[in-house]
Structure formats: C-alpha cells, structure tokens
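Scope of the values below: all heavy atoms of this structure, side chains included, with no hydrogens, waters or symmetry mates. Each ligand, and each atom within it, is numbered from 1 in the order the structure gives. Residue indices begin at 1 and follow the sequence shown.
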Amino acid sequence: MTTPRPVLVVDYGAQYAQLIARRVREAKVYSEIVPHTMPVKDMLAKDPVAIILSGGPSSVYEVGAPQVDGGLFETGVPVFGICYGFQAMAQALGGAVAHTGRREFGGTELTVAPEAGVLLRDLPAALPVWMSHGDSVTAAPAGFTVTAATPGAQVAAFEDLVGRRAGTQFHPEVMHTAHGQDVLTRFLYDIAGIEPSWTPDNIIDDQVAAIRERVGDKEVICGLSGGVDSAVAAALVHKAVGDQLTCVFVDHGLLRAGEAEQVEQDYVEATGVKLRVVDAADRFLSALDGVIDPEQKRKIIGREFIRVFEQAAREVAAEGDVEFLVQGTLYPDVVESGGGTGTANIKSHHNVGGLPDDLKFSLVEPLRTLFKDEVRTLGTALGLPDPMVWRHPFPGPGLAIRIIGAVSRDRLDILRAADQIAREELTAAGFDRDVWQFPVVLLADVRSVGVQGDGRTYGHPVVLRPVSSEDAMTADWSRLPYEVIARISTRITNEVPEVNRVVLDVTSKPPGTIEWE
Ligand code: XMP
C-alpha cells in the first residue's frame, strides 16, 4: 500500500502509544507504532519524518526497563520524548535523571518559563497537565532550553531547535493536559517541519490507487455486516474497482430494527455496490432453537455464518475470477496482534478465515493503517449514511447474545422493539456520540409482577446497559440524564406489551462485561 512517510511512535509498553499515534494523525500527519525492540536501522528503513518516544515504566532505572538506543539521536531525524521517553532522551544526550523522591501521578500544574520556546509559545503561564513519573530530569542536556517546570519536576519540558529534538515530562496526548494537542502540533509542524497532509481526500486517493494496483482486473468479494468497518472497506474498494466487487450480506435475522434495510437499501443507494443478500434468518433460528448457553450460541452462529457465506462465495466465484476478499481490519487489530506484517487476528465470527482451501482468497485490507475515528471520517467522505457511519459497535452474534435464554422469533421482536425505543430516545437527546454502546438486554426467562390499567401483568424485564468507553477493554456505565432514562422506560413499558419492567445496569467493566452474555 502506498502510505506517506510516517512519524514513528516507539512503544515502550505503556498504554499511551496508540493514543499518541491518534493525536499525531489528528494533526493530519501519518503515524505508525513500532515496538521499542525495533533496531534503529529498521526504523530508518521506514524513512520516518520524526520519531516520538512514548511513556513507559515510571523509571529509567527500573530493572528490565527498555533501553533507548542512543544512536536514535544521531540519525538527524527529529525526536520528541514523552515521560519515560523524555527521561531516556535526557539521559542518552548527557543530561541528568534522578530519583528525587517527588513522584507525581495525575494532574499537576505546569509553570511555563518566561522563555517559553516553540513548544509552549503563547500558552497560558500555568497549565494543568497529566503526569505519571517517579524519576525526574534534573539537568537538561547541553544545547537544550528548559521551558517549563512542575512542583515535582524542575525540568518538565525542553527543546533543542538546532537538533530538532524536544520533550515533555507530562503527557500531551491525554485530554487532562490542557493544550496538549497544541504542544504535539508545534513539535510536528514547527520543530520537525512536517506538512499536515494526512487528510481524508489524500487517504482515499492513496488507498484507491493501491487497491487498483493490487487487484488489477480480478474480481473481489466482500462480506457486509452492517457495521462501519466492512461498509467503509467495501466502499473504498468499490471506488477503486467498481463492479469487479461483489458484496455479500448474510442476514442472520439477529440485527436490530432497520439495520438490514440500511444495508440493502441505503448503503446500495449511496455507493452503487453490487449486493447479494442471503436471507438466512430461518436457518439461524432453527440452529439456535432451544440453545441457552452463550458460548454455544456464538459457536452456532459462527458456524452457520461461515457455511452461508461460503455458499454465496462459491456462487459469486462461479461467475468470475474471484481472487480477493475484502476485510475491514483496523490498525489497533494490527498493532495488538504483533505489528505491521502478517494477517491480523480478527475477533468476531465475521472473520471468514475458516473458508475451505478451494475458496482461499488473498486479503485486501484497505483499513489496516486506520483508527476507528479515521474510518468514520472516510465513511462520511465517501457519502455513506450517517446511521451507518456512527453505528455503535455491535457484536457479530447480534441480538442472540442480548436475549438471556433461548432465542426465538417472538423474543427477537420484543427485544427489537425495546431496543429501537432506547436508540430513538438516545439519538433525540443528542447522546449518541457520548455513549460507546447501548445494549438493551431481554431477560427472557425472568418474569415479574406488574400492574397496568386494572390488570395484573406478569411480564419480562429489560436491562438498559449504556456504557462509556474508549476501546471496550474497560468501560463505565454512562451517567445519562434521569429524564432520558425515564422517557425510555415509560415508552418501553407503554409500547412493548410483553415488557413490564425496565432496569438500569450500573456496573463498570471490570468487573462486569459490556454484554450480558
Ligand atoms: P464484552 O461484553 O466482553 O464486550 O465487554 C467487549 C466488546 O466486544 C463486543 N462483543 C462481541 N463482538 N462477537 C463480536 O463481534 C462477539 O461474540 C462479541 N461479544 C462481545 C461487545 O459488543 C463489546 O463491544
């Protein structure tokens, strides 16, 4: 794939590298994450425009702390050090790092020196910043100007404009640091001299060119799930090779209200892709009949999905020379599965790597270098409908794992109705983008007594599970306004006759998971 020259973010093992890489891209500069074990010569082989050393263990003295190769600073490539990377840079270049005994974790106040330099130019004289360190830089290396201090770090930021190197003890990438993005941007534009050119239009042009080159005149197949990743991946491939692409949508009958129509009508209208719909709801429902165990549900759905997709792929392949399969693999999957090469490890059952040998395709993964927010931006730039672009993450097994108990058509209808109300009210209240996911769960085997009009009811509860999260690894329950929760509750109990009780899940993850099954 043709990608621009990257800013390399060297990962020292803390959780910050991906965040830094995203912030760099928000500044319209392409970035890639590399492990700290990568030799300097391999970094240089990537022809980087700058290198950023991320945070890591709290001390350069820690046993087993990753070493920073001093050669990194002799390459002429601009370098920015953050937290651990800042200390490592100071130490490698002849400054001093010491156990001062003054640890800082969390928010603290940064005092900008009168000579603020380039990095902190025109910022307020005192700034709230986020720190996480045990050691401190006590003396900057020769040639560096110290531009800020905090109560626990007399050297909290420095820069060397001639050597095009700078660093901060604080974390500019976290949102708790005021003006953090300004600090990063100034390093990139004003110290490293990088032009901001990583824009949606350029990304699309690069990807389209790369896909055309790879695919040539061969046919391509892509499974659509209703989610944003496969939708954007397919739209990019379609833009590149038009009707050489055939999309397959397996409707397993476990989607939410309106989602199948979104794929079959709105998406096709917006993109013009050739779509083959397989209505497999009956097949999935009969395979799931009477199954209660969530893992068994997942297995069955995964197995049926592969079978149905395989059949459709055979039919498409019979009509042309299909050589490629599109997958919506994202950059975090690539990074988490160990780096830039090889096949990413895809979690959901939509991974069709289980296809038989005579149906092996080469993968086209046009989103391999992209983060989710970039995929959304591309989706909009490619003209995809908003509800698809902004769809919350949704599990591959769909509503089957949001029915606690056996899955049936009736139960799916009940859950779909309740879920639709929750989604409508969330959207109406303007909270779609604040909430990461909002599962609505039907406790299908539970009944409780209620009263409605003159009569006693004996209905099912549904659970509202709105969560806030960055990446689904951890999550907290969303503090939605009570009025929004109240409207959802009233409407569900009024409009869905089988449901007579609505409860709110107030468990964080951990210890709870996002889904109930
Ligand atoms: P949990 O429930 O483990 O979910 O906190 C984390 C994220 O993964 C999604 N999820 C799934 N996605 N197939 C999927 O494609 C699955 O079987 C599955 N189970 C959970 C969940 O919606 C959340 O985003």
Side-chain angles (χ1 to χ4, degrees), residues 15 18 222-233 249-256 259 263 284 287-288 291-306 308-309 327-333 336-337 344-354 365 367 371-373 375-376 388-404 407 412 415-416 419 422-423 426 432-443 462-478 504-517:
Q15 70 277 39
Q18 286 201 26
C222 177
L224 292 178
S225 66
V228 58
D229 303 342
S230 58
V232 173
F249 171 52
V250 176
D251 184 358
H252 56 17
L254 305 168
L255 288 178
R256 292 175 293 187
E259 290 191 316
V263 177
F284 278 85
L288 284 169
V291 177
I292 291 171
D293 177 66
E295 283 317 301
Q296 212 187 333
K297 286 180 184 172
R298 280 190 173 80
K299 272 205 194 94
I300 291 168
I301 294 166
R303 183 192 69 208
E304 292 303 312
F305 183 87
I306 293 284
V308 176
F309 187 86
Q327 287 213 327
T329 316
L330 302 191
Y331 193 50
D333 297 328
E336 278 153 26
S337 62
N345 172 16
I346 301 163
K347 288 166 259 171
S348 87
H349 72 271
H350 288 302
N351 180 13
V352 283
E365 301 178 297
L367 313 180
F371 288 105
K372 192 84 171 187
D373 44 343
V375 170
R376 291 207 160 103
M388 214 162 192
V389 168
W390 288 100
R391 188 193 198 230
H392 289 162
F394 185 68
L399 298 180
I401 56 163
R402 293 182 180 173
I403 292 174
I404 313 304
V407 179
L412 283 167
L415 178 53
R416 248 185 223 117
D419 175 79
R423 282 198 288 151
L426 188 76
D432 277 346
R433 298 189 193 181
D434 300 304
V435 167
W436 167 266
Q437 251 177 299
F438 190 167
V440 175
V441 181
L442 176 65
L443 306 187
V462 295
V463 179
L464 307 180
R465 176 65 167 143
V467 293
S468 305
S469 177
E470 282 270 320
D471 54 10
M473 302 295 285
T474 62
D476 198 4
W477 58 283
S478 305
L504 179 66
D505 185 343
V506 292
T507 319
S508 60
K509 173 185 178 176
T513 48
I514 294 175
E515 305 291 348
W516 269 48
E517 289 206 326

Participant: Under a plain distance cut-off of 3.5 Å, with no hydrogens placed, do D471 and W436 share a side-chain donor-acceptor pair?
Facilitator: no
Participant: Between I514 and ligand 1, is there a nitrogen or oxygen pair with a distance under 3.5 Å?
Facilitator: yes
Participant: Between ligand 1 and W436, is the shortest N or O to N or O distance under 3.5 Å?
Facilitator: no
Participant: Are R465 and F438 in a cation-pi contact, defined as NZ or CZ under 6.0 Å from the six-membered ring centre and within 45° of the axis?
Facilitator: no
Participant: Hey, is ligand 1 close enough to Q437 that some N/O pair sits below 3.5 Å?
Facilitator: yes
Participant: Regarding atom 10 (N) of ligand 1: of the candidates P395, G512, S469, which has the closest heavy atom?
Facilitator: P395
Participant: Which is closest to atom 6 (C) of ligand 1 by heavy-atom distance: K509, E517, E295?
Facilitator: K509
Participant: Determine whether the side chain, the backbone, both or neither of R298 has a heavy atom under 4.0 Å from any heavy atom of ligand 1.
Facilitator: side chain
Participant: Only one of I403, I301, L415 passes side-chain contact (heavy atoms from CB on, under 4.5 Å) with L254; say which it is.
Facilitator: I301
Participant: Under 4.0 Å between a side-chain nitrogen and a carboxylate oxygen: does that hold for E259 and R391?
Facilitator: yes
Participant: Do R433 and W390 form a cation-pi contact, if we require the NZ or CZ to be under 6.0 Å from the six-membered ring centre and within 45 degrees of the ring's axis?
Facilitator: yes
Participant: Below 4.0 angstrom, N of the basic side chain to O of the carboxylate: do R423 and D419 qualify?
Facilitator: yes
Participant: Return yes or no for this condition: an N or O of G396 is under 3.5 Å from an N or O of ligand 1.
Facilitator: yes
